[in-house]
There are 2 protein chains.
Amino acid sequence: MRSYGQYCGLARSLEVVGDRWNLLIVRQLLLGPARYRDLIDGLPGIATNLLADRLRDLEASGVVERRLATAGNTIEYALTPWGSELRGPIEGLIRWSTPLMIPGPGTDAFRPEWLALAVPALLATRVQNPPAAMIGLDIGGALFQLRSASTGFEVGPHDNHALDATVHADPAYILGLAAGALTLGDARALGVVETDGDESVIRTVFAA
Amino acid sequence: MRSYGQYCGLARSLEVVGDRWNLLIVRQLLLGPARYRDLIDGLPGIATNLLADRLRDLEASGVVERRLATAGNTIEYALTPWGSELRGPIEGLIRWSTPLMIPGPGTDAFRPEWLALAVPALLATRVQNPPAAMIGLDIGGALFQLRSASTGFEVGPHDNHALDATVHADPAYILGLAAGALTLGDARALGVVETDGDESVIRTVFAA
DNA sequence: CCGCATCCTCATGGATACTG
DNA sequence: CAGTATCCATGAGGATGCGG
């Protein structure tokens with residue numbers, strides 16, 4: 001990116017991550033280290049030459065590091081500690097996007113893994129004292145685990161630990177609920193759809 | 001901006017504010033409503049056609065509103081309530097930029113008004129219980145007022161109210177101090193340079 | 001002056017094909 | 001698998017024009 005030539009923190013940040021696709025690449029890497037192919041898959045629409053360019057740029061500026069994967073001879077990309085600190089600004093933009101998400105996905109692509117970033121971002125500001133709970137989430141076939149933490153909620157990989165419940169839900173519905181819990185002035189509970197056979201009920205998972 | 005085609009809050013946010021210059025325009029408007037000429041002056045390097053384009057885009061997407069200035073027949077631009085909520089993500093990026101600001105301004109342009117955004121952003125995360133104080137700031141000829149608040153510090157326009165002190169300081173120095181107070185692990189105080197005649201001392205203004 | 005619109009040039013992004 | 005190379009379309013930047 002061409003320099004803005006301004007001694008301003010925002011301008012200098014954008015010279016590093018303001019280029020098209022850059023923050024979306026960081027989003028993918030916030031989910032964990034990934035190989036080139038994983039990034040192509042998680043960033044539908046990106047051109048292969050652009051991904052290569054951006055990874056070079058981000059590596060040169062100290063946001064991303066390129067290394068050998070633990071499992072042998074293939075390359076993987078990961079965030080540096082400084083790069084990981086982009087989680088805050090990114091979560092802020094995710095919260096800000098609420099009005100843009102309400103209309104639903106339309107024809108846009110969706111990856112369940114994106115919820116691992118979006119759900120905690122949307123819930124972090126509202127719920128103060130979450131009760132202790134471990135909920136399994138089956139979202140569009142992807143398995144996650146939702147657990148309460150002092151800072152809000154954390155969504156992580158499913159690890160087959162003892163769960164209080166397992167919930168099967170539509171991705172868009174989960175996002176809508178999370179956004180609604182943030183948006184509606186008096187909302188204090190997060191509900192999730194539970195489907196068993198052909199019966200569906202809305203369960204209250206967390207109440208503040 | 002061309003759509004990313006992803007049902008992801010970050011992607012949809014960036015479709016609105018991810019275009020070059022957009023967040024910097026929002027930065028300027030976070031300082032208060034401004035006319036076209038003010039924006040040109042506060043955004044050194046922007047081309048006039050781009051500013052016009054971006055203002056149209058931001059108005060169409062509901063971030064900015066265009067209205068008649070109170071003082072008569074001229075046009076002014078202001079943030080909508082939703083646009084104002086970009087303050088959070090922008091402050092996050094300003095904090096993230098600390099390593100990029102340490103080397104100093106070099107040949108980059110600088111506007112004292114940018115500090116009104118940067119200083120509170122840098123201090124907000126660290127200082128928990130600021131003592132009551134009202135400090136005048138004379139930064140490169142621009143007058144501000146720094147006051148303690150429950151959420152941290154606020155920098156506002158100078159209004160000639162009774163002040164505990166007035167401080168004359170170099171812009172870069174203030175920014176360096178604010179960044180340092182955030183960066184250094186054990187820093188708990190904010191000092192400011194006070195110049196009286198040819199004597200300069202560093203005063204501790206706030207201690208946590 | 002202010003608030004843009006037009007025109008032109010050049011850098012960047014996007015899609016696809018291809019290679020070590 | 002992990003990228004390059006190529007070609008075309010789009011957008012940025014700078015200069016200038018122009019009505020109010």
Side-chain angles (χ1 to χ4, degrees), chain A residues 1-6 11 14-26 28-29 32-61 64-78 107-109, chain B residues 1-6 11 14-26 28-29 32-61 64-78 107-109:
Chain A
M1 163 163 297
R2 181 180 177 143
S3 168
Y4 285 109
Q6 299 183 3
L14 292 175
E15 287 171 11
V16 174
V17 295
D19 256 332
R20 189 164 166 79
W21 291 107
N22 268 348
L23 277 182
L24 298 188
I25 292 171
V26 172
Q28 288 306 114
L29 294 177
R35 290 178 307 164
Y36 194 84
R37 159 63 35 175
D38 302 328
L39 292 173
I40 291 282
D41 294 341
L43 293 163
I46 198 172
T48 60
N49 57 346
L50 273 191
L51 178 57
D53 280 357
R54 293 295 116 92
L55 286 172
R56 253 191 303 272
D57 294 345
L58 291 172
E59 189 187 2
S61 51
V64 161
E65 64 180 3
R66 176 200 186 92
R67 62 192 196 195
L68 288 173
T70 51
N73 50 5
T74 174
I75 297 165
E76 81 177 10
Y77 297 91
T107 61
D108 286 353
Chain B
M1 163 164 296
R2 180 180 178 141
S3 168
Y4 285 109
Q6 298 184 3
L14 293 175
E15 287 171 10
V16 174
V17 295
D19 257 331
R20 189 164 165 78
W21 291 108
N22 268 348
L23 277 183
L24 298 187
I25 293 171
V26 172
Q28 288 305 115
L29 294 177
R35 291 178 308 164
Y36 194 84
R37 160 61 36 176
D38 301 328
L39 292 173
I40 292 282
D41 294 340
L43 293 163
I46 197 172
T48 61
N49 57 346
L50 273 191
L51 178 57
D53 279 358
R54 294 294 117 93
L55 286 171
R56 252 193 305 273
D57 294 345
L58 291 172
E59 189 188 1
S61 51
V64 160
E65 65 181 2
R66 176 202 185 90
R67 61 191 196 196
L68 287 172
T70 51
N73 49 6
T74 174
I75 297 166
E76 81 175 11
Y77 296 91
T107 61
D108 286 354

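Chain A is the first sequence line, chain B the second, and so forth, proteins listed ahead of strands; every chain is numbered from 1. Below, each value reflects all heavy atoms present in this structure, side chains not excepted, and no hydrogens, waters or symmetry copies. Not measured: the values here are computed from a predicted model.
With B:Arg20 contributing its side chain and A:Arg2 its backbone, the two residues share a donor-acceptor pair below 3.5 Å. Side chain of A:Gln6 to main chain of B:Pro44: a donor-acceptor pair is present (N/O by atom type, distance under 3.5 Å, no hydrogens or angles).
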**Fill in**
Going 5' to 3' through nucleotides 6-20 of chain D and flagging B where a protein heavy-atom sits under 4.0 Å of the base, S where only the sugar-phosphate is that close, and - otherwise, we get B-----SBB-B----

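In this structure, B:Asp57 atom CG and C:dC4 atom P are separated by 14 Å, rounded to whole Å. At whole-Å resolution of the value, CZ in B:Arg56 and C1' in C:dT6 are 12 Å apart. The CG-P distance, from A:Leu68 to D:dC1, rounds to 17 Å in whole Å. The nearest whole Å value for the distance from the CG atom in A:Leu43 to the P atom in C:dA15 is 13 Å. Protein atom CD1 of A:Ile25 is 13 Å distant from nucleotide atom C1' of C:dG13, rounded to whole Å. One atom, CD1 of A:Ile40, and another, P of D:dA2, lie 10 Å apart when rounded to the nearest Å. Regarding B:Leu14, its CG atom lies at a distance of 15 Å from the P atom of C:dG13, rounded to whole Å. Computed from coordinates, the A:Leu55 CG to D:dA2 P distance equals 11 Å when rounded to whole Å.
Using a 4.5 Å heavy-atom cutoff, the side chains of A:Leu55 and A:Arg66 are not in contact. Side-chain atoms of A:Asp19 and A:Arg54, non-hydrogen and from C-beta on, do get closer than 4.5 Å to each other. Inter-residue side-chain proximity for A:Thr74 and A:Tyr36 is flagged as unmet; no heavy-atom pair is nearer than 4.5 Å. Taking 4.5 Å as the limit, some side-chain heavy atom of B:Leu29 sits within range of a side-chain heavy atom of B:Tyr77.
Contact between the side-chain N/O atoms of B:Tyr77 and the OP1/OP2 oxygens of C:dC4 is found at a separation under 4.0 Å. OP1 or OP2 of C:dC4 has not a single side-chain nitrogen or oxygen of B:Arg35 nearer than 4.0 Å. The phosphate of C:dC4 has OP1 or OP2 within less than 4.0 Å of a side-chain N or O from B:Arg66. Taking side-chain N and O atoms only, B:Arg37 has a distance below 4.0 Å to OP1 or OP2 of C:dC2.
If you check every strand for non-hydrogen atoms under 4.0 Å, A:Leu51 touches nothing.
Here the closest non-hydrogen pair linking B:Val17 and B:Leu23 is O-CG, 3.7 Å.
Here CG of A:Leu43 is found 6.0 Å from CH2 of A:Trp21. Values are rounded to the nearest 0.5 Å. Once rounded to the nearest 0.5 Å, the distance linking CD of B:Glu59 with CZ of B:Arg67 reads 12.0 Å.
Comparing the helix axis at one end of the helix from C:dC1-D:dG20 to C:dG20-D:dC1 with that at the other, each defined from 5 consecutive pairs, gives an inter-axis angle of 30° (nearest 10°).
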